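To start, the structure under review is shown below, and the notes come after it.
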There are 2 protein chains.
Amino acid sequence: MKYSNQTRMLVAVDCIIFGFDGTDYKILLIQRGFAPEKEKWSLMGGFVQMDETLDEAAKRILNQLTGLHDVYMDQMSAFSQPLRDPIERVIAVPYVSLIDIEKYSKQINNDFHAKWFSIREIPKLIFDHGDMVELALQQLRYKAALHPILFELLPEKFTLPQLQTMYEGLYDIKLDKRNFTRKLLSSNLLHKENDKDKSSSKKGAYYYSLNEDFYTRNLSNILPIVSKSDISLAAE
Amino acid sequence: MKYSNQTRMLVAVDCIIFGFDGTDYKILLIQRGFAPEKEKWSLMGGFVQMDETLDEAAKRILNQLTGLHDVYMDQMSAFSQPLRDPIERVIAVPYVSLIDIEKYSKQINNDFHAKWFSIREIPKLIFDHGDMVELALQQLRYKAALHPILFELLPEKFTLPQLQTMYEGLYDIKLDKRNFTRKLLSSNLLHKENDKDKSSSKKGAYYYSLNEDFYTRNLSNILPIVSKSDISLAAE
DNA sequence: TTTTTAAATGTTTTTTTTACACTAATCAAA
DNA sequence: TTTGATTAGTGTAAAAAAAACATTTAAAAA
């Protein structure tokens, strides 16, 4: 038994995968392997199967491309223009993932011709994927100002200057080093390690790691790291 | 031409309609008119048609029930458990609407047996609608702490005590009257009228109205009205 | 005119945020 | 081995924002 006189449609999940290489924000794109728009740059996507939730579909698709499990994923609003896909009606649900770029395994992606692009040089994307990415970045800026989600982009050990560069890069601002480190250190999120990263200075910067417990408990709490006066949040 | 070997599914929109009667938060529910779960309490919903976006579907369905146009609507994350609807696979996209309860026209809804329930006394709902409502309330608390969206619940003219009651009710807290009014008045959101509402006191409380321009420009800005220390935001 | 009820209002204290500049560690070059 | 170059690390004072707190005012009813 089915609901009668209703039209069914495809539901797709598209993965917006952000990374940070220490200097720049990157997005992982693939060359679409099938018509239409074959070979054009695109988000990694796939159709939701009959026995899986949207979250499960997104995890499956992300894993297929990156080999990663247990990744930060956040569902965005659905894209539903009737003609957004010229082949047939497809409702697309984008997911934003933040990954440690170093954990991404290159070998696994060969099928998809995946490539990291700086978010300042994103190529033209198929369908409405460009809009998705733009909205995703807007929402990332919004959320990251209120919640410590950017840590998902970093390796296990990171330095305070790296952290600051990451925040400055997202909003294209300069922050005061003393105020920034004070805020971070007083947040209880960080644990100081004993060794230093000497790759970017002679003096070397101490490594820190995430206080995982505290982090998990406080992801949903509001913890302003960049303040209202530092940035202008375009939208939610 | 279609994508081959893919399964298509129904996509539904469900409307979570909140109102505020001056004292309590209310939700508008209907008695479902068809099987399964006929006559059970439910959110007003409907299937997305082939030629409409999700937003359009949500507007259509909300208008069908309430007669209202131009209502605040906010798309939530999709609900996608494969078996959430026992009849067949349906992906549900809930929309939260905030309406001025007085504008809702009773005559239009007779078909649906709609009824306002206090959010403290929500009946058992079909499928996963109960979860949707719970999440919607959580998100309403989150958003309302950061953006002046609760004004959507009020009539054109309202008083400061009404406004305070509305915020206190959402978080189940008491706020300091002096600090609250100072914050609101300094926000530039309000315009003082010359007349008073004498329905709830002898002295009467001055009416205020929304500075629409300023409001529209600042909806997406962060404007904390209740502060972190007043509330504990469960989640985002 | 007195009583009752809810509305309106200001100041002080505390906390948070901002602005601002020098010293420390290490490597490389002279 | 000394000097210079480079980035890391750190504290304090001023300003702004938030919190705590109690009395007066308007108007109707008694």
Side-chain angles (χ1 to χ4, degrees), chain A residues 22-23 145-146 154 157-169 171 173-209 221-233, chain B residues 22-23 145-146 148 154 157-169 171 173-209 218 221-233:
Chain A
T23 311
L146 299 170
L154 293 172
K157 293 187 345 183
F158 49 84
T159 66
L160 292 176
Q162 274 169 31
L163 210 49
Q164 187 173 342
T165 307
M166 186 169 68
Y167 277 94
E168 290 178 338
Y171 301 101
I173 50 172
K174 289 299 284 178
L175 296 169
D176 181 278
K177 184 172 35 166
R178 284 164 294 189
N179 293 338
F180 180 82
T181 52
R182 183 181 318 110
K183 197 179 282 192
L184 265 292
L185 292 176
S186 70
S187 75
N188 276 340
L189 280 167
L190 303 186
H191 175 256
K192 191 175 188 173
E193 303 287 330
N194 292 318
D195 49 341
K196 287 181 164 184
D197 165 35
K198 294 207 175 158
S199 66
S200 56
S201 83
K202 290 160 185 171
K203 180 174 177 180
Y206 277 106
Y207 279 117
Y208 287 80
S209 59
N221 284 8
I222 294 182
L223 174 74
I225 290 175
V226 287
S227 69
K228 252 198 303 180
S229 59
D230 290 329
I231 53 174
S232 54
L233 293 169
Chain B
T23 312
L146 299 170
L154 293 173
K157 294 189 341 184
F158 48 85
T159 66
L160 291 175
Q162 273 170 31
L163 209 50
Q164 186 172 344
T165 307
M166 185 169 68
Y167 277 93
E168 290 178 337
Y171 301 101
I173 51 172
K174 289 299 283 180
L175 296 170
D176 181 279
K177 184 172 32 168
R178 284 164 293 187
N179 292 337
F180 181 82
T181 52
R182 182 179 323 107
K183 197 178 281 192
L184 266 293
L185 292 175
S186 69
S187 75
N188 275 339
L189 280 167
L190 302 187
H191 175 256
K192 190 174 187 174
E193 302 288 330
N194 292 317
D195 49 340
K196 287 180 164 185
D197 165 35
K198 295 205 177 161
S199 66
S200 57
S201 84
K202 290 162 185 168
K203 180 174 178 181
Y206 277 105
Y207 278 118
Y208 286 80
S209 58
N218 287 277
N221 284 9
I222 293 181
L223 173 75
I225 290 175
V226 286
S227 70
K228 252 198 304 180
S229 58
D230 290 329
I231 52 174
S232 54
L233 294 167

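Letters A, B, ... mirror the listed sequences (proteins, then strands); counts begin at 1. Excluded from the calculations below are hydrogen atoms, water molecules and symmetry mates; all remaining heavy atoms, backbone and side chain alike, are included. The shown structure was predicted, so the numbers you read here are calculated from the model rather than taken from an experiment.
- Across dT7(D), dA25(C), dA19(D), the shortest atom-to-atom separation from the side chain of Ser201(A) is found for dT7(D).
- Rounded to an integer number of Å, the gap from CG of Asn179(A) to C1' of dA14(D) is 13 Å.
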Practice task
Please step through side chain to side chain contact (heavy atoms under 4.5 Å, CB included) for the pair Asp197(A) and Gln162(A), ending with a clear verdict.
Solution key: CA-CA 10 Å; Asp197(A) 165 35; Gln162(A) 274 169 31; 3.5 Å; yes

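- The separation between Glu193(B) atom CD and dA8(C) atom P is 14 Å, rounded to whole Å.
- For Lys203(A) against dA8(D), a side-chain N or O and a base N or O form a donor-acceptor pair under 3.5 Å.
- Put simply, CZ on Arg178(A) is 21 Å from P on dT16(C), counting in whole angstrom units.
- Between Lys202(A) and Lys198(A) there is no side-chain heavy-atom pair separated by less than 4.5 Å.
- What separates CG of Leu185(A) from P of dG11(D) is a distance of 11 Å, to the nearest Å.
- Taking atom CZ of Phe180(A) as the reference point, atom P of dG9(D) lies 12 Å away to the nearest angstrom.
- In the set dA8(C), dA19(C), dG9(D), the nucleotide with an atom closest to the side chain of Tyr206(B) is dA8(C).
- Distance, Leu184(B) CG to dA18(D) P: 13 Å, rounded to whole Å.
- Comparing Lys202(B) and Asp176(A) by the nucleotide of DNA chain C whose heavy atom lies nearest to each, the residue mapping closer to the 5' end is Lys202(B).
- The CG-P distance, from Leu160(B) to dA26(D), rounds to 17 Å in whole Å.
- For the pair Lys198(B) and dA28(D), the criterion of a side-chain N or O lying under 4.0 Å from OP1 or OP2 is met.
- Remark: side-chain polar atoms of Glu168(B) are paired, donor with acceptor, to backbone N or O of Leu175(B) under 3.5 angstrom.
- Here the C1' atom of nucleotide dA8(D) and the CZ atom of Arg182(A) are 16 Å apart, to the nearest Å.
- Across all strands shown, Lys177(B) has heavy atoms under 4.0 Å from base atoms, whether or not it also approaches the sugar-phosphate.
- Using a 4.0 Å heavy-atom distance criterion, Ser200(B) is classed as a sugar-phosphate-only contact.
- Note that CG of Leu163(B) is 10.0 Å distant from OH of Tyr208(B), once rounded to the nearest 0.5 Å.
- With contacts defined as side-chain heavy-atom distances shorter than 4.5 Å, the pair Leu190(B)/Phe158(B) qualifies.
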